2 protein chains.
Amino acid sequence: MPIQNLIAYFKDYFPLNTKEENDLAARFSERDFKRRQLVLQQGDVCRHFTFVISGCLKMYAVDQNGKEHNIQFVAENDWATDLSSFYSEKPSQLYIEAVEPTAALQIKHSDLLYLYTNHHKIDHNFRVIIEQKYIDLQNRVLQNISSSAEERYAYFLKQYPNLTNRLPNTQIASYLGVTPEFLSTIGKNLIYKS
Amino acid sequence: MPIQNLIAYFKDYFPLNTKEENDLAARFSERDFKRRQLVLQQGDVCRHFTFVISGCLKMYAVDQNGKEHNIQFVAENDWATDLSSFYSEKPSQLYIEAVEPTAALQIKHSDLLYLYTNHHKIDHNFRVIIEQKYIDLQNRVLQNISSSAEERYAYFLKQYPNLTNRLPNTQIASYLGVTPEFLSTIGKNLIYKS
DNA sequence: ATTATTTCTTAAGATACCTTATGGGTTACC
DNA sequence: GGTAACCCATAAGGTATCTTAAGAAATAAT
């Protein structure tokens, strides 16, 4: 039961009682995505919070030249949503796409607001979760402004060792903000260093 | 009364009742910082959430070569804290320093937890606040991985027009992740373009 | 299994950005 | 009001990273 994964995930933050669990379980629905299938596309309103049970999604933006820039990968026990579009209910600038066959749980805007309003603990948990994600993002900004591409790549490999094998290097390059060609030359150096 | 600024700020998110206002006001204390004074230094535990009433702070990390990298500027009606150190109560990797004479309000860890526990609305507000800051940070990451230094500088000027005049370009360069010399040559180009 | 598509590697030439250095202009501090 | 510290501009040469191209290897689709 996928919903059990979500409940277990939440309990790591703060234990839930039966009522909270049931209310949570009642408002998430299962959805599977094939490889390359879009969870969200630019121009659409992001209507769901998506929790990944298995598989992997990528969030990316497309620039004026049509190039994709990966903002984030979302694998097991992690959340994908365009927060800005989700809360404002305005069209998103982003895409979310499955890079592997992915099993997910989704909750609608109105249902999440219901949970926030009626369960302090769930509201609380989502604050703690996003604070952690904020810290990670802040570290990434620091990396971006202070480190070379090689250092950022080494950091990525260390931080996400499981993603390394599952993602093509072209996708990692986009995430790091370098070209795949340059990542390839960096990669060679790292092998000799490790 | 500085605390009125904070209450007004909160009310923009979600109205507070009298009890909430009073509880909030009772737990923040005023503190002023001179230019260059440190709010937090590396190695110390970050024991406060700091809300800026007037003035401006910078948060930065120092790398192995002793170079400072500005992660964030925090001006009026904004929050400065090392979230990671604050919640874990472990030594911080960051500095927070006043770049202008700054008036601030601070709340201790235990007092904030008290507010979270006893006032759902305050917990809720902090979630909404950090979600907005998360969105901003995510946009900054996107800029970093997809835009040239010149584009990032133009974006900064547009997004923070008031900070532009208050901060030396050396500080903005550090925030953008470029050298002051290079920012200087970029700056010239922007003048001709606008 | 075969074909089509995507991915990886390599290399040469171009560009963005950095380093170092220097001088002049501001701003802070006593 | 004077001195010291900081800040800005400019330039020459160096390094990191990008662009384009093309072939080989791996992976996905039929």
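All figures in this text were calculated on a predicted structure; none of them were measured in a lab.
Ion pair B/Glu131/A/Arg127 not flagged as a salt bridge, since none of the NZ, NE, NH1 or NH2 atoms sits closer than 4.0 Å to an Asp/Glu carboxylate oxygen. Electrostatic pairing of B/Asp23 and B/Arg27 counts as a salt bridge here, judged by a charged N lying under 4.0 Å from a carboxylate O.
A/Glu150 has its CD atom 13 Å from the P atom of D/dC18, to the nearest Å. Taking atom CG of A/Asn65 as the reference point, atom C1' of D/dT19 lies 13 Å away to the nearest angstrom. In this structure, the CD atom of B/Gln37 is 17 Å from the C1' atom of C/dA28, given to the nearest Å. Distance CD (B/Glu151) to P (C/dA16): 11 Å, rounded to an integer number of Å. A/Leu176 has its CG atom 15 Å from the C1' atom of D/dC18, to the nearest Å. For B/Glu100 and C/dA28, the CD to P distance is 10 Å, given to the nearest whole Å. As rounded to whole Å, 10 Å separates atom P of D/dC7 from atom CD of B/Glu68. Distance, A/Leu183 CG to C/dT10 P: 13 Å, rounded to whole Å.
Phosphate contact (OP1/OP2 of C/dA16, side-chain N/O of B/Ser148, threshold under 4.0 Å): absent. Dashed line: the shortest gap from a side-chain N or O of B/Ser184 to OP1 or OP2 of D/dC8 is not under 4.0 Å. The side chain of B/Arg36 contributes an N or O atom lying less than 4.0 Å from OP1 or OP2 of D/dC6. Checking the phosphate oxygens (OP1, OP2) of D/dT19, a side-chain nitrogen or oxygen of A/Lys67 falls inside 4.0 Å.
Across all strands, B/Thr170 comes closer than 4.0 Å only to sugar-phosphate atoms, never to a base (heavy-atom distances).
Map A/Arg152 and A/Glu181 each onto its nearest nucleotide of DNA chain D; the residue landing nearer the 5' end is A/Arg152. Nearer the 5' end of DNA chain C, as judged by each residue's closest nucleotide, is the contact made by A/Pro180, out of A/Pro180 and B/Gly177. In this structure, A/Phe182 and B/Val178 both approach DNA chain C, and ranking their closest nucleotides by distance from the 5' end singles out A/Phe182.
Figure legend: cation-pi geometry between B/Arg166 and B/Phe73 absent, as NZ or CZ is not positioned both under 6.0 Å from the six-membered ring centre and within 45° of its axis.
The structure places OG of B/Ser147 at 11.0 Å from CG of B/Leu176, a figure rounded to the nearest 0.5 Å.
With distances taken from any side-chain atom of B/Pro168 to the nucleotides D/dA28, D/dC7, C/dT19, the minimum falls on D/dC7. Closest contact between the side chain of A/Asn169 and the listed nucleotides C/dT19, C/dC8, D/dT19 involves C/dC8.
Checking A/Gln143 against A/Tyr155 by side-chain atom types alone, no donor-acceptor pair falls below 3.5 Å.
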